[in-house]
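Here the structure is laid out as structure tokens; the discussion comes afterwards.
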Amino acid sequence: MLALDSTIYCVSTDTTPQPIDVKFSSLEAELRAILVEKSVCHGNFTLASGAESNFYVDAKLTTSDPRAALLVGRVGWELVKETATARNVHVDSIGGLTMGADWMALSIGIAAYLDSPSRDIQTFSVRKSAKKHGRHKRIEGNFSKGQTVVVVDDVITTGDSTLQAIEAIEEAGGRVGFVIVLVDRQEGGREAIEQRGHAVVPIFSRTDLIGTNVGRRSHIAVA
């Protein structure tokens, strides 16, 4: 939960439908615009790490939006394919720590299927702790021992949530090919993950979002 004061601004949402361009660069630009409109907030925030910040990305407002999810899927899947080819990695499944990774992983998985059903890319979700009943699983969904996976997260700051997912996957016998993140806050998280030997490929950085004309502001608190 965020500690909020009375001076917090998230950019107001423009609900006017816009056509989705089939060109990748246009898809990426449109996704960036939606992130700025829906998810970039300014004010005084306490982050999950305990650090104070005047900048917050409420990325779930974007990743849970159906239209934006299509863009996350298309852009994310193109980046997965490009990175997998460059690193000579065969990807079996995509997932990460709940709940920041959940919508993002499924969107990319659906885009992968629409692009090439024969690839059989699956998705999964890593719990913060093992389930207390049923099969007592820590990893839910389509994950199996021996698979090579792409770990995703919506935002990285310190990298702790991504590293939790990586540790759970490796303990369960999975191999991490690389990490895709929607927004890198550029506060040391990427470096912390890479120090553990895992490449991190961000779709956007803090600089990409802060450097944008953020338009109108409205008094919309986030939780």
Side-chain angles (χ1 to χ4, degrees), residues 20-32 34-35 59-60 62-127 135 137-156 161-184 190 193-194 196-204:
I20 297 177
D21 196 307
V22 296
K23 295 181 180 178
F24 176 74
S25 60
S26 296
L27 298 177
E28 191 174 34
E30 186 176 2
L31 177 56
R32 178 173 175 263
I34 293 174
L35 268 168
K60 295 170 190 63
T62 294
T63 57
S64 66
D65 177 277
R67 174 167 155 268
L70 292 173
L71 297 167
V72 170
R74 287 283 303 278
V75 172
W77 174 234
E78 289 301 320
L79 197 54
V80 168
K81 288 194 296 183
E82 177 183 308
T83 307
T85 298
R87 300 182 64 82
N88 194 28
V89 171
H90 172 79
V91 177
D92 297 303
S93 197
I94 299 170
L97 193 71
T98 192
M99 61 181 300
D102 294 347
W103 286 311
M104 187 175 172
L106 187 56
S107 292
I108 296 174
I110 291 170
Y113 179 81
L114 292 174
D115 180 48
S116 179
S118 63
R119 287 178 182 264
D120 193 29
I121 303 295
Q122 297 294 312
T123 63
F124 63 91
S125 178
V126 179
R127 290 178 176 270
R135 298 176 67 186
K137 294 195 296 183
R138 175 83 188 275
I139 302 178
E140 299 285 358
N142 294 286
F143 167 85
S144 300
K145 181 178 180 181
Q147 287 187 334
T148 298
V149 307
V150 173
V151 175
V152 296
D153 211 341
D154 57 357
V155 180
I156 54 170
S161 63
T162 306
L163 288 170
Q164 284 183 52
I166 289 171
E167 289 167 3
I169 290 162
E170 292 179 336
E171 286 176 3
R175 296 185 296 270
V176 176
F178 51 90
V179 176
I180 298 287
V181 61
L182 182 60
V183 179
D184 175 11
R190 178 177 181 174
I193 297 165
E194 290 181 337
R196 302 285 187 93
H198 304 290
V200 179
V201 185
I203 297 175
F204 301 107

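All residue numbers refer to positions in the sequence shown, counting from 1. Note that the structure is predicted; figures quoted are calculated from it, not measured.
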Can you tell me how far [atom2] of [Y] sits from [atom1] of [X], rounded to the nearest 0.5 angstrom?
X      : Y      : atom1 : atom2 : result
Met104 : Ile203 : CE    : CD1   : 4.0 Å
Ile108 : Thr123 : CD1   : OG1   : 10.0 Å
Glu28  : Arg32  : CD    : CZ    : 9.0 Å
Gln122 : Asp92  : CD    : CG    : 9.5 Å
Thr63  : Ile34  : OG1   : CD1   : 11.5 Å
Ile156 : Leu163 : CD1   : CG    : 9.0 Å

Can you name the side chain to side chain donor-acceptor pair (under 3.5 Å) partners of [X], sequence neighbours left out?
X      : answer
Gln164 : none
Ser161 : Asp153
Ser125 : Asp102
Thr62  : Ser39

May I ask you to test the [X]-[Y] pair for a side-chain heavy-atom distance under 4.5 Å?
X      : Y      : value
Thr162 : Val181 : no
Arg119 : Lys81  : yes
Val80  : Phe178 : yes
Asp184 : Val200 : no
Leu182 : Leu31  : yes
Ile121 : Val150 : no

Show the nearest heavy-atom pair for residues [X] and [Y], with the distance to one decimal.
X      : Y     : answer
Gly177 : Val89 : CA-CG1, 4.1 Å
Ala105 : Gly95 : CB-CA, 3.9 Å
Ala199 : Arg87 : CB-NH1, 3.5 Å
Ala111 : Gly73 : CB-O, 3.3 Å

How would you list all residue pairs meeting ring-ring contact (aromatic ring centres under 6.0 Å, His included) that involve residues 82-127, not counting sequence neighbours? Phe124-Phe143
[X]: which residues meet the side chain to side chain contact (heavy atoms under 4.5 Å, CB included) condition with it, sequence neighbours left out?
X      : value
Ala168 : Val126, Arg138
Glu167 : Arg196
Asp65  : Lys38, Arg67, Ala68
Val201 : Leu79, Thr83, Ile180

With Val152 as partner, the option from Val179, Leu106, Leu97, Ile94 fulfilling side-chain contact (heavy atoms from CB on, under 4.5 Å) is Ile94
Could you tell me whether the side chain of Arg175 and the main chain of Gly146 form a donor-acceptor pair under 3.5 Å?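 Judged by distance alone, yes, a pair lies under 3.5 Å.
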Checking Glu194 now: which residues fulfil salt bridge (Lys or Arg N to Asp or Glu O under 4.0 Å) with it, not counting sequence neighbours? Arg190
Taking salt bridge (Lys or Arg N to Asp or Glu O under 4.0 Å) as the test, write out the residues that go with Asp120, two or more places apart.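 For Asp120 there are no salt bridge (Lys or Arg N to Asp or Glu O under 4.0 Å) partners, ignoring immediate neighbours.
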